[in-house]
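We're numbering straight along the sequence, starting at 1.
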Amino acid sequence: MTADRERFDRAPLPYPAFFDSYVDTFVEAVVQAASGKPELGRDLLATVDHAPMVEWFDTYAQNAGGERVKLLEKVPQRRGGGGKRDMRVSRVRAIAERDGWRCGYCGIRVVEPRVLRKVDQLLGGKVLRHLTEKRSNRSYHGIWLVMALTLDHIEPLAENHDDSDENLVTCCWACNFGKYHYTLDELGLLPPRQGRGPSDGWHGLTDIV
């Protein structure tokens, strides 16, 4: 299986590989801001051309599930509302730690929104969100849109009401919105990666902020 094929088989819409270099720059910006150099942090972040990230998320990624179903000529089931879910901060962090703070589908490094808010404050405020007056996806920096952490129910909660840890995986916003309420079979996806731990030293910035 080629790398590109595996990425397509894992994520509703794999993110462009060059995003990783932008994430590297963002992390360095956070390190500088956290060490008392917010101006240097902002200067570093300014080198990230975030417009393509916003465009990719807003136009393609969040709608990827529906488009993928059409591409694969699948006929998804109709589903009602989901069941009860537990999204306490402690649980989200425990699942993220279990999965190495990476999206189980596309593999991108993720950060809790509450940590991103702290980073925004360190950088001086209104740097990562509220970039425009009208609240929308485009009022967020592209880094926020592609790195924000959430949890996804692998088998849709509306399908079996399974809110167990085994049915949860660390997820980025793009894959979460893209997967929507479809099953893995309907999207032609392999099971997401779980339980790999932070083997590469990435802890979602919790060790820096």
Min side-chain heavy-atom separation I208-V31 under 4.5 Å: yes

So do L122 and K118 actually touch side chain to side chain, heavy atoms under 4.5 Å? no

Can you check side chain to side chain contact (heavy atoms under 4.5 Å, CB included) on Q77 and E159, steps first, answer last? CA-CA 10 Å; Q77 297 180 29; E159 183 86 357; 4.2 Å; yes

Is atom NZ of K126 surrounded by more than 12 heavy atoms (other residues, nucleotides or ligands) closer than 6.0 Å? no

Answer yes or no: is there an ion pair linking D165 with R91, defined by an N-O contact shorter than 4.0 Å? yes

Do M147 and V110 come within less than 4.5 Å of each other through their side chains, counting heavy atoms only? no

Closest contact, heavy atoms only, G100 versus R196: N-CG, 4.5 Å

Counting N and O atoms only, with roles assigned by atom type, does the side chain of R98 sit under 3.5 Å from a partner on the main chain of T170, one being a donor and the other an acceptor? no

Please confirm whether the ring centroid of Y22 lies under 6.0 Å from the ring centroid of F26. no

Using 0.5 Å steps for rounding, measure from the NE2 atom of H50 to the CH2 atom of W56. 15.5 Å

Nearest-0.5 Å distance, CG of residue D120 to CD1 of residue I143: 12.5 Å

What closest approach, in Å, do H203 and T206 show between heavy atoms, and which atom pair accounts for it? O-OG1, 2.7 Å

Run the salt-bridge test on R138 and D58 with the 4.0 Å N-O cut-off and return the result as yes or no. yes

Within 6.0 Å of OH in Y180, more than 12 heavy atoms from elsewhere: no

Using modelled atom types and a 3.5 Å cut-off, is there a donor and acceptor pairing between side-chain atoms of D99 and backbone atoms of G195? yes

Contact check, side chains of H141 and R129, non-hydrogen atoms, under 4.5 Å: no

Give me the atom names and distance for the closest heavy-atom approach of Y15 to I108. CE2-CB, 3.5 Å

Side chain to side chain contact (heavy atoms under 4.5 Å, CB included) between Y140 and M53, intermediate numbers included: CA-CA 10 Å; Y140 289 87; M53 305 175 88; over 6 Å; no

Inter- and intrachain pairs under side-chain hydrogen bond (donor to acceptor under 3.5 Å, both in side chains), touching residues 102-116, at least two apart: D24-R109, R93-E112, R102-D200, Y105-D152

Is it the case that the side chains of Q62 and N137 hold a donor-acceptor pair, with the cut-off being a distance below 3.5 Å and no angle test? yes

Output yes when a side-chain donor or acceptor of D9 lies under 3.5 Å from a complementary backbone atom of L189, and no otherwise. no

Donor-acceptor check, side chain of R7 to backbone of P14, threshold 3.5 angstrom: yes or no? no

For a side chain to side chain contact (heavy atoms under 4.5 Å, CB included) check, start with the C-alpha distance between V111 and W202, then their side-chain angles and the critical distance, and finish with the verdict. CA-CA 10 Å; V111 180; W202 174 249; 3.8 Å; yes

Test side chain to side chain contact (heavy atoms under 4.5 Å, CB included) applied to V23 and V48, step by step: CA-CA 9 Å; V23 171; V48 173; over 6 Å; no

Side-chain contact, heavy-atom cut-off 4.5 Å: W101 with L149? yes

Interatomic distance, N176 atom CG to L151 atom CG [nearest 0.5 angstrom]: 8.5 Å

Residue pair C175 / C103, side-chain heavy-atom distance below 4.5 Å: yes

Please list, chain by chain and in numerical order, all residues satisfying salt bridge (charged side-chain N to carboxylate O under 4.0 Å, His left out) with D162, sequence neighbours excluded. none

Can you find a pair of side-chain heavy atoms, one from K74 and one from D185, that are under 4.5 Å apart? yes

Could you tell me whether the side chain of W144 reaches within less than 4.5 Å of the side chain of V119, counting heavy atoms only? no

Gap between atom OG1 of T183 and atom NE2 of H181 - 0.5 Å precision: 9.5 Å

Show me the pairs that pass side-chain hydrogen bond (donor to acceptor under 3.5 Å, both in side chains) and involve residues 25-43, at least two apart or across chains. E28-Q32

Correct closest heavy-atom pair for P192 and L184 would be CD-CD1, 4.2 Å

If you look at every heavy atom in V115 and V209, which pair is closest and at what distance? CG1-CB, 4.2 Å

What closest approach, in Å, do K179 and I154 show between heavy atoms, and which atom pair accounts for it? NZ-O, 2.8 Å

Please work out whether the ring planes of F57 and W173 are parallel, tilted or perpendicular, with thresholds of 30° and 60°. tilted

